[in-house]
Structures are given as C-alpha cells and as structure tokens.
*Asks:* 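Can you read through this structure? Questions will come right after.
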Amino acid sequence: QKEVEQNSGPLSVPEGAIASLNCTYSDRGSQSFFWYRQYSGKSPELIMFIYSNGDKEDGRFTAQLNKASQYVSLLIRDSQPSDSATYLCAVGGGADGLTFGKGTHLIIQP
Amino acid sequence: DAGVIQSPRHEVTEMGQEVTLRCKPISGHNSLFWYRQTMMRGLELLIYFNNNVPIDDSGMPEDRFSAKMPNASFSTLKIQPSEPRDSAVYFCASSWTGESTEAFFGQGTRLTVV
C-alpha cells in the first residue's frame with residue numbers, strides 16, 4: 001500500500017515570507033512527484049512536478065526531491081494571500097494513477 | 001479543449017437510491033481515474049482505466065460501487081444502493097500515459113446521500 005504523508009496544518013505564514021511544505025512517501029520505487037494546489041470548493045490543479053533528485057524552480061515555486069530520504073518539499077517564495085489553499089503532494093503517475101497525501105492547509109497572513 | 005467534464009456538479013439523493021456519476025476525459029488522453037475526497041480520508045483513488053480497460057479497482061470501497069468506460073470519451077461511476085457514508089466529492093481525472101504525466105481533474109461531483 002503506497003502512502004504519502006503530509007502535515008495537515010494549518011500552516012500560517014506572513015505575507016512576503018517563504019512557505020515550506022513537506023511530504024514523505026513510502027514506496028521507494030516511486031519515480032514521479034507532483035504538487036497540486038486546491039482552493040476550497042475547487043478541483044486540484046498541478047503547480048509543480050519533479051522527477052530527479054535536487055531542486056526544480058518555477059517562478060516563486062521550488063520543488064525539492066530527496067529520494068534517499070523519500071522526501072519531497074515545496075517552497076513558495078514571497079508568499080501572497082492568493083497562495084492560501086490546500087497543497088496536495090502526489091506520488092506515482094502515468095498509467096498507475098497518483099497517490100495523494102491528505103494535504104497541508106496553508107494560510108498566508110496579510 | 002474544455003478539460004475534463006463531469007456531471008452532475010451536485011447530486012442529492014435518498015439512501016438506497018442508485019446514483020450515476022459521469023465523466024468525459026480530455027480528448028486524446030488514454031488514462032482515466034476516479035477519486036473520492038472527504039475531510040477524513042482526503043483524496044482516494046477508487047479505480048483507473050488505461051485504454052478503456054480497468055487496471056486497478058482495489059480502491060473501490062465495496063461491491064455497491066461499479067465503474068465502466070465503454071469508450072475513450074466516456075466513463076461512469078455507479079453507486080447502488082447509495083448510503084449516507086458515500087457522501088463526498090467525486091473527481092474524475094485524465095492523463096496521457098507517458099513517462100509520468102500530470103492528471104487533469106474535472107470540477108467534481110458533490111454527492112449528498114440523505
């Protein structure tokens with residue numbers, strides 16, 4: 001049984017600061033890792049994916065992957081109130097489907 | 001492309017009734033997934049299809065749940081008989097099977113069983 005663990009939060013971060021979201025996964029054979037953002041009452045939308053160890057940057061977002069530690073993180077720089085949402089970590093992909101964590105509720109305080 | 005289309009958006013039904021949720025995946029995608037989301041359990045994968053064939057239905061909670069994909073552009077998730085504990089948001093998602101591509105989600109169906 002694949003498991004993906006996230007701290008449910010809420011994680012409260014001041015506007016303009018860096019928000020750090022973390023995720024661990026159980027299946028050592030996992031190859032693909034995704035971060036989805038979900039606003040209340042809406043469907044999840046992809047914001048980042050990462051396949052290789054190290055960092056991947058896209059605008060204000062940086063995904064970090066450490067396969068040895070089975071750990072994925074998402075950093076949001078210069079946090080904005082519009083970043084307030086639930087962030088879902090997902091592992092897997094392709095034809096096997098995605099296994100999601102329960103999500104971290106992020107609140108950006110103006 | 002209009003994205004993944006689900007219907008209905010909201011469904012309220014009485015316990016014991018049959019419920020059918022519908023999904024139209026993105027044209028060209030060959031994988032389709034049904035998820036259920038609740039506060040307690042988060043987002044759970046129920047079943048997924050690849051090239052219209054069910055690959056893994058181990059996430060389907062019990063025999064009251066069934067899913068079909070008669071062609072590449074349509075899938076249904078049926079609950080018969082429905083129970084109050086089935087109340088949740090049901091999402092359909094589709095993707096192109098590649099090296100690991102993202103899944104695109106529909107807007108979801110909020111099901112309430114009273």
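For clarity, every value in this text was computed on a predicted model and none was experimentally measured. Below, read A as the first sequence line, B as the second, and so on, with proteins coming before strands; counting in each chain starts at 1. All values below were derived from every heavy atom in this structure, side-chain atoms included, with hydrogens, water molecules and symmetry-related copies excluded.
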*Asks:* At a 4.5 Å cut-off on heavy atoms, which part of A:Gln38 comes close to chain B: side chain, backbone, both, or neither?
*Replies:* side chain

*Asks:* For the CG atom of A:Leu98 and the CG atom of B:Leu45, what is their distance to the nearest 0.5 Å?
*Replies:* 8.5 Å

*Asks:* Are more than 12 heavy atoms from other residues, nucleotides or ligands located less than 6.0 Å from atom CZ of B:Arg64?
*Replies:* yes

*Asks:* Flag yes if B:Ile55 and B:Phe91 sit in one hydrophobic cluster, no otherwise; membership is Ile, Leu, Val, Met, Phe, Trp, Tyr, and two members link when side-chain heavy atoms are under 4.5 Å apart.
*Replies:* yes

*Asks:* With a cut-off of 6.0 Å (strictly less than), are more than 12 heavy atoms of other residues, nucleotides or ligands near NZ of A:Lys56?
*Replies:* yes

*Asks:* So which of B:Gly42, B:Gly108, B:Ser58, B:Ala103 has the biggest tally of heavy-atom pairs under 4.5 Å with chain A?
*Replies:* B:Ala103

*Asks:* Taking atom CG as the centre, does B:Asp63 end up with more than 12 heavy-atom neighbours from other residues, nucleotides or ligands that are less than 6.0 angstrom away?
*Replies:* no

*Asks:* Taking C-beta and beyond as the side chain, do B:Tyr35 and A:Pro44 meet within less than 4.5 Å on heavy atoms?
*Replies:* no

*Asks:* Nearest 0.5 Å, please: how far is CD in B:Gln37 from NZ in A:Lys102?
*Replies:* 11.5 Å

*Asks:* Any chance you could measure A:Tyr36, atom OH, to B:Phe105, atom CZ, to the nearest 0.5 Å?
*Replies:* 5.5 Å

*Asks:* Looking at every non-hydrogen atom in both residues, tell me the closest pair between B:Gly106 and A:Ser43 and how far apart they are.
*Replies:* O-CB, 3.0 Å

*Asks:* Taking everything shown except B:Glu62 itself, do over 12 heavy atoms lie less than 6.0 Å from its CD?
*Replies:* yes

*Asks:* For the hydrophobic clusters of this structure (ILVMFWY residues joined by side-chain heavy atoms under 4.5 Å, transitively), does one cluster hold both B:Leu43 and A:Tyr39?
*Replies:* no

